[in-house]
Amino acid sequence: MTVTATSFGTLAGKRAIVTGAGGGIGRASALALAAEGAAVAAVDISADAAAETARQIAAAGGRAIAITADISDPTDCERVVRDTVKALGGLEVLFNNAGIIRRADAIGTTVEEWDRVMAVNVRSIFLMCKYAVPVMAAAGGGSIINTGSGWGLKGGGNALSYCASKGAVVNMTRALAIDHGPAGIRVNSVNPGDTDTGMLRSEAAQLGEDPAAFLADAADRPLRRMGKPEEIAAAVVWLASDAASFVTGAALVVDGGGIA
Ligand SMILES: NC(=O)c1ccc[n+]([C@@H]2O[C@H](COP(=O)([O-])OP(=O)(O)OC[C@H]3O[C@@H](n4cnc5c(N)ncnc54)[C@H](O)[C@@H]3O)[C@@H](O)[C@H]2O)c1
């Protein structure tokens, strides 16, 4: 793959799984990891979206496979790890990024919605780690990055299940770092502030708000704008790389100063 001003081949030889790789932050991260030399398994519940990410990586000269999976499902998670190792020959980086949001308070959230948000945002990380950690440990280590949120570190309105799930992501990241540090596995969370992806538009629709007004509100932070998916991806690349070799159990906030 062509080395550009922002790509230094820091992940050459590494194999990475990215969940939710068919959209916003996941796709940008899959492309950025590949641009740094990693071979990427692009995992998404949408077969077309995963395939498109793999296609874009291949078109840029990188190496990628697409895997269709629902990462809340244990059988799917086991298959994702198995197929990645089979196709790419190993696994050093796991980016647990897929997530969903339900904008509602306790009264407006159904039991089914609560369970789905917790299954996609939290149980998936447990499951992916359950199957990926033994592979990484056997090979001497690796880097796991989990997508939290500013709302994993502070509360937010009309997003009860999401706030609960992202708080869990931040703290399970610390627990995973403690458990698997001795095996050479670093585990960190990246915590974006409002980033320009399909998720923000879905939130505006769920709340019945004008999308333009919603996006303007999202830009109300010290840097006076929303984040770009590529800016979250840059933090993911760093956490995945050996440049972050002594960083584990951390909650890295990438939010233009939003929760500062
Ligand atoms: N966009 C933001 O402002 C923002 C802020 C903070 C945190 N986050 C977090 O970043 C992560 C990515 O969000 P995004 O904004 O890129 O969202 P997005 O909706 O653009 O992309 C999410 C991707 O995950 C996939 N996905 C959903 N459920 C899945 C499942 N069960 N199995 C496999 N794939 C599944 C979707 O198909 C989609 O391609 C999420 O965890 C989200 O909570 C986003």
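Whatever order the structure lists them in is the order used to number ligands and atoms, beginning at 1.
Checked against side-chain hydrogen bond (donor to acceptor under 3.5 Å, both in side chains), T19 has no partners two or more places apart in sequence or in another chain.
By the 4.5 Å heavy-atom criterion applied to side chains, I101 and V117 are not counted as neighbours. Residues I144 and L176 fail the side-chain proximity criterion, which asks for heavy atoms closer than 4.5 Å. For the pair P192/V254, no side-chain contact is recorded, criterion being any heavy-atom separation below 4.5 Å from C-beta on.
Between the side chain of R186 and the main chain of L239, a donor-acceptor pair closer than 3.5 Å is present.
Checked options N191, N97, T173, N121; the residue passing with T147 is N97 (criterion: side chain to side chain donor-acceptor pair (under 3.5 Å)).
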Pairs under 3.5 angstrom, nitrogen or oxygen on both sides, ligand 1 versus protein: list them out, please.
| residue | atom | partner | partner atom | Å |
| --- | --- | --- | --- | --- |
| ligand 1 | 1 (N) | T195 | O | 3.2 |
| ligand 1 | 1 (N) | T197 | OG1 | 3.1 |
| ligand 1 | 3 (O) | T195 | N | 2.7 |
| ligand 1 | 3 (O) | T195 | O | 3.4 |
| ligand 1 | 15 (O) | T197 | OG1 | 2.5 |
| ligand 1 | 16 (O) | I25 | N | 2.8 |
| ligand 1 | 20 (O) | G24 | N | 3.4 |
| ligand 1 | 31 (N) | D70 | OD1 | 2.9 |
| ligand 1 | 32 (N) | A69 | O | 3.4 |
| ligand 1 | 32 (N) | I71 | N | 3.1 |
| ligand 1 | 34 (N) | I45 | N | 3.2 |
| ligand 1 | 37 (O) | D44 | OD1 | 2.6 |
| ligand 1 | 39 (O) | G23 | N | 3.2 |
| ligand 1 | 39 (O) | D44 | OD1 | 3.4 |
| ligand 1 | 39 (O) | D44 | OD2 | 2.6 |
| ligand 1 | 41 (O) | N97 | O | 2.8 |
| ligand 1 | 41 (O) | K166 | NZ | 2.9 |
| ligand 1 | 43 (O) | Y162 | OH | 2.6 |
| ligand 1 | 43 (O) | K166 | NZ | 3.2 |

